[in-house]
Amino acid sequence: MEVAGNQIRVQSLAQSGATKVQPEYIQPPNCRPSVLPCPITGLLIKVINHGVPIQLLDDMRRIGITFFEDCPVTEKLKYCCEPNSFASEGYGSRMLVSSNDTVLDWRDYFDHHTLPLSRRNPSRWPNFPPNYRDVVLEYSDHMKALSQRLLKLISESLCLPSSLIEEAVEDFYQNITVSYYPPCPQPELTLGLQAHSDIGAITLLIQDDVSGLQVLKDGEWVNINPLSEAIVVILADQTEIITNGKCKSAVHRAITNSNKARLSVATFHDLQRRGLYPQLQSSSVTLLLHDTARLCMVIMSHHGEAVAWEGSAQEALESFALQVRYSPFGTTSIRILWVKMSGLDSSLGKEAWNCHKFVLDY
Ligand SMILES: O=C(O)CCC(=O)C(=O)O
Ligand SMILES: [Fe+2]
């Protein structure tokens, strides 16, 4: 069995022949695939005339599947990500699962840090198959160019200067995550990836020919069926913030099936992170927001305490609860969350809040 530290890879569980999933993969009843969700609508678009060579999309899928399915276990484990560090690069299974979550995703992944160049170190990526690293490098460049074009179009469609979002985002942080969802003996009890919105500005996703991605639209989980030449555009939390809520981030998830493994490649473009954040530098944040009138500021440590805020303590704590529910934060030290409040009713969750979240740093 593939064991990394004390972590087990989902692929090994799937291959063990078990007819039932282990209890830690069983979702609570209200999160299982058949349950109707609460209504929130975010933005997810499929683009086909994107200008990225179809051959490159195919190559990216091919190297991903080859790594997961044909690379010897011992080789794969050489690229293990740090089990206790949030979003560390490499081969792992628990990216969206925070340390106090008890339910695990039915997914293995390989996460690559691709931009800015200072984070990029291809020697930490697989070289099986032999063109793996070259394909990731070329893919990274194309995804960056496409995300810049899309952010310009989004700005223009909101009657804003075309460079507004891009400038707000500054230099992209780009991560490419190849997700591998092995067949699951009990797909009705599990999720490949729990419901979430992405934390960055824009995510570009391709998938193989197996369905599994779902987006929340008008209160229903809608399947985003695979189309080999299409790139799925998922607007993420930072774009929601920068556009002051005009573009909502899309809540999405991945379900599993019992027959066929599924592969997707998500390229995340996030706001620049500046390492640890010793002091408040609120001016740089305020610039990104059109309407700062009713902002509440919260600083949180990775253990979840609200360290400081403007606005009431109740608001600060409530906004933290929101963050835990919807964003995949892990273990690095401090993050700063800005929340614009109106009509606060914590019992109803995000949909009742008109609430924008923004992670400046962590
Ligand atoms: O596999 C998918 O279709 C979804 C992946 C995803 O949402 C993510 O990695 O954030
Ligand atoms: Fe996602």
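Counting starts at 1 for both ligands and their atoms, following the listed order. Everything quoted here is computed from the prediction, not taken from an experiment.
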Report task. Check Asp198 and report its N/O/S atom nearest to the Fe ion (ligand 2), by atom name. Result -> OD1
Report task. Determine whether the side chain, the backbone, both or neither of Arg262 has a heavy atom under 4.0 Å from any heavy atom of ligand 1. Result -> side chain
Query - Donor-acceptor pair, side chain of Gln186 and main chain of Val21, under 3.5 angstrom - result: yes
Report summary line: For Arg107, the atoms of ligand 1 under 4.0 Å from one of its heavy atoms are 9 (O)
Report summary line: ligand 1 to Ser264, heavy atom cutoff 4.0 Å, flagged ligand atoms 1 (O), 2 (C), 3 (O)
Report task. Tell me, please: is Arg253 in heavy-atom contact with ligand 1, that is, under 4.0 Å? Result -> no
Query raised in the report: Please state the angle at the Fe ion (ligand 2) spanned by NE2 of His196 and NE2 of His252: what is it, rounded to 10 degrees?
Result: 90°
Query - Donor-acceptor under 3.5 Å (Asn257 side chain, Lys260 main chain) - result: yes
Query raised in the report: Parallel, tilted or perpendicular: which fits the ring planes of Phe67 and Tyr132, with parallel below 30° and perpendicular above 60°?
Result: perpendicular
Report task. Just let me know how Tyr181 lines up against ligand 1, side chain, backbone, both or neither, with a heavy-atom cut-off below 4.0 Å. Result -> side chain
**Report entry** Any N or O of Asp198 closer than 3.5 Å to N or O of ligand 1
**Finding:** yes
Query raised in the report: How about Arg107 and Ser179: does a side-chain donor come under 3.5 Å of a side-chain acceptor?
Result: yes
Query raised in the report: Strictly under 4.0 Å, does any heavy atom of Phe268 approach an atom of ligand 1?
Result: yes
Query raised in the report: Does any N or O atom in His196 lie less than 3.5 angstrom from one in ligand 1, N or O only?
Result: yes
Query raised in the report: Is it the case that Arg262 places NZ or CZ above or below the six-membered ring of Tyr180, under 6.0 angstrom from the centre and within 45 degrees of the axis?
Result: no
Query raised in the report: Quick one: do Asp58 and Arg61 make a salt bridge, cutoff under 4.0 Å?
Result: yes
Query - The one among Leu205, Leu193, Thr267, Leu263 that brings a heavy atom closest to atom 8 (C) of ligand 1 - result: Leu193
Query raised in the report: Does the N or O separation between His252 and ligand 1 drop below 3.5 Å for any pair?
Result: yes
Query raised in the report: For the side chain of Arg9 and the backbone of Tyr91, is there at least one donor-acceptor N/O pair under 3.5 Å apart?
Result: yes
Requested in this report: Report yes or no: does Ser140 contribute a side-chain atom to a donor-acceptor pair with the main-chain N or O of Val136 at less than 3.5 Å?
Outcome: no
